[in-house]
Colleague: 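Once you've had a glance at the structure underneath, I'll fire off some questions.
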Amino acid sequence: MNWTIVIPILILMLILQWRRVGMLTWVFVWWGSLYVILSYGFATPIPQSVIELYMGIVTLGLIVYVTANKERWQAVWGPLRAFMTERRYLPILLLVIVAVPSLVAANVYWNMTAPVQAPFFARTIHPASPASITAFDGKEFNLVTLDNPFRNLEDSDPAAFQRHVENGRRVYYENCHYCHGDNMAGNGQFAHGLNPIPTNFADPGNIPNLQESFLFWRIAKGAPGLPEEGGPWESAMPVWEKFLTEEEIWDVVIFLYEFTGFRPRAREEGHE
C-alpha cells in the first residue's frame with residue numbers, strides 16, 4: 001500500500017466522522033476516497049479499465065445503500081434538490097454546469113494530445129513469423145514456401161494483375177487507410193490513438209525487407225496473432241481473416257508494393 005495516500009484519507013474520514021457531516025457529504029467522500037485509493041494507493045498500478053469497473057460497482061453499492069432507507073435517501077436528495085432549486089445557490093449551480101463539461105472536454109483534449117510514449121521494455125517490430133499458420137476455417141499455410149498466388153500474373157497477364165492491384169486498392173481504402181494513412185505513411189486519422197502507431201509502409205526499412213508471406217500472416221492474424229516479443233500493446237490491428245477473403249488479403253499485399261514502388265523480398269535459396 002502507498003500509506004502516504006491512504007493515511008491522510010483515513011485521517012480525513014475520522015475528522016468528518018467527528019464533525020458528524022451529513023449523508024450527502026459521506027457519499028461523496030466515500031466515492032472520492034475509494035477512487036483515489038484505487039488510483040494511487042497501491043504500489044503496483046491498477047489498470048484504468050479495472051478502476052472503472054470497481055468504481056462502477058462502488059457507485060451501484062452507494063446507490064443501493066442510500067435508496068434502501070428513507071431517511072438516508074432524504075438526507076441525500078434534500079440537499080441536492082435545494083441546491084438545484086433554491087435561488088441562493090444559483091451562482092454556484094451555474095458554475096457547476098459550466099465547469100463539469102469544461103473539465104470533461106479538457107480531459108478528453110489532454111488524453112487525445114498526449115504524446116505516445118514508448119514502453120520501457122523491448123519490442124521486436126518484425127518478429128519472426130511461424131513456419132505455418134492455420135487460417136480461413138482450418139486451411140494450412142506454410143509460410144516458408146508460401147508465395148503470392150497472383151504475383152506471377154505481373155509478367156504473364158498484366159491486365160489480370162492490374163485487376164488484383166485495383167481490388168487491393170479498394171480493400172485498402174475501405175479498411176486500412178484509417179490507421180495506415182492515405183499515403184501509407186502510418187499517419188491515418190486513428191493513428192495517434194494507437195500504441196504502437198501503425199506501420200509506415202512508405203518507409204524503405206519496412207516492406208522491402210519482408211516477403212509477401214510475412215505480410216499475409218500479419219494481415220490475416222492481426223495484433224492477436226503476434227508472438228509475445230512483438231507485443232501488440234494497444235494495437236487495434238484486427239484479425240482480418242474474419243473480414244476479408246484470402247484473395248483480398250493477397251490483393252492488398254500487391255497494392256502495398258505497387259503504391260509504394262517497392263518490391264517484395266525474394267525468398268532465400270534453400271528455403272524451398
Side-chain angles (χ1 to χ4, degrees), residues 1-69 72-73 75-84 89 91-123 179 189-198 223-224 226 228-238:
M1 295 292 292
N2 187 352
W3 294 109
T4 58
I5 297 295
V6 175
I7 289 177
I9 290 176
L10 293 176
I11 293 174
L12 173 64
M13 298 183 79
L14 287 173
I15 293 174
L16 294 177
Q17 175 68 22
W18 174 63
R19 296 294 301 272
R20 298 183 180 278
V21 297
M23 179 58 66
L24 179 60
T25 302
W26 269 118
V27 169
F28 281 114
V29 168
W30 269 103
W31 195 94
S33 298
L34 289 173
Y35 180 79
V36 171
I37 290 175
L38 288 172
S39 300
Y40 309 105
F42 292 89
T44 302
I46 299 176
Q48 184 63 32
S49 59
V50 176
I51 293 176
E52 292 173 357
L53 174 63
Y54 285 165
M55 292 312 300
I57 296 173
V58 168
T59 302
L60 290 175
L62 289 173
I63 291 174
V64 171
Y65 176 74
V66 169
T67 56
N69 180 282
R72 288 197 291 264
W73 169 244
V76 171
W77 175 239
L80 285 176
R81 182 172 54 188
F83 178 70
M84 291 186 288
Y89 295 121
I92 303 177
L93 179 61
L94 293 175
L95 180 62
V96 171
I97 292 174
V98 174
V100 170
S102 299
L103 288 174
V104 172
N107 184 59
V108 171
Y109 174 79
W110 289 329
N111 289 333
M112 293 295 294
T113 57
V116 177
Q117 299 292 331
F120 61 87
F121 54 87
R123 173 180 182 264
C179 296
Q189 55 187 305
F190 297 155
H192 299 292
L194 305 175
N195 182 14
I197 60 174
L226 274 172
E228 186 175 352
E229 68 269 23
W233 305 336
E234 298 172 3
S235 172
M237 181 74 172

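Quick caveat, the model's predicted, so the values are computed rather than measured.
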Colleague: Only one of Ile7, Val6, Leu12, Ile5 passes side chain to side chain contact (heavy atoms under 4.5 Å, CB included) with Ile9; say which it is.
Modeller: Ile5
Colleague: Locate the shortest heavy-atom distance separating Met23 from Val76; write the atom from each residue and the value.
Modeller: CG-CG2, 3.4 Å
Colleague: Using modelled atom types only, decide if a donor and an acceptor are shared between the side chain of Asn111 and the backbone of Asn107 within a distance under 3.5 Å.
Modeller: yes
Colleague: What distance separates Leu16 CG from Trp30 CH2, expressed to the nearest 0.5 Å?
Modeller: 11.5 Å
Colleague: CD1/Ile37 to CG/Leu10 distance, rounded to the nearest 0.5 angstrom?
Modeller: 6.5 Å
Colleague: For Thr25, what residues pass the side chain to side chain donor-acceptor pair (under 3.5 Å) criterion, not counting sequence neighbours?
Modeller: none
Colleague: Rounded to the nearest 0.5 Å, what separation is found between the CG atom of Leu103 and the CH2 atom of Trp110?
Modeller: 7.0 Å
Colleague: What's the separation between atom CG in Leu62 and atom CZ in Arg72, rounded to the nearest 0.5 Å?
Modeller: 11.0 Å
Colleague: Between OG of Ser39 and CG of Asn2, what distance do you get to the nearest 0.5 Å?
Modeller: 12.0 Å
Colleague: Give me the atom names and distance for the closest heavy-atom approach of Ala191 to Ile197.
Modeller: O-CG2, 3.9 Å
Colleague: Measuring from Leu60:CG to Met55:CE, what's the distance to the nearest 0.5 Å?
Modeller: 11.0 Å
Colleague: To check you understand the geometry: which heavy-atom pair defines the closest contact between Cys179 and Pro198, and what is its length?
Modeller: O-CG, 3.3 Å
Colleague: Which label fits Tyr35 and Trp31: parallel for a plane angle under 30°, tilted from 30 to 60°, or perpendicular past 60°?
Modeller: parallel
Colleague: Could you work out, with ring-ring contact (aromatic ring centres under 6.0 Å, His included) as the rule, every residue matching Tyr54, not counting sequence neighbours?
Modeller: none
Colleague: Would a 4.5 Å heavy-atom cut-off, applied to side chains only, mark Val98 and Leu94 as touching?
Modeller: no
Colleague: Can you see which heavy atom on Met13 is nearest to which on Ser33, and at what distance?
Modeller: SD-OG, 4.3 Å
Colleague: ring-ring contact (aromatic ring centres under 6.0 Å, His included) with Tyr65: which residues, sequence neighbours excluded?
Modeller: none
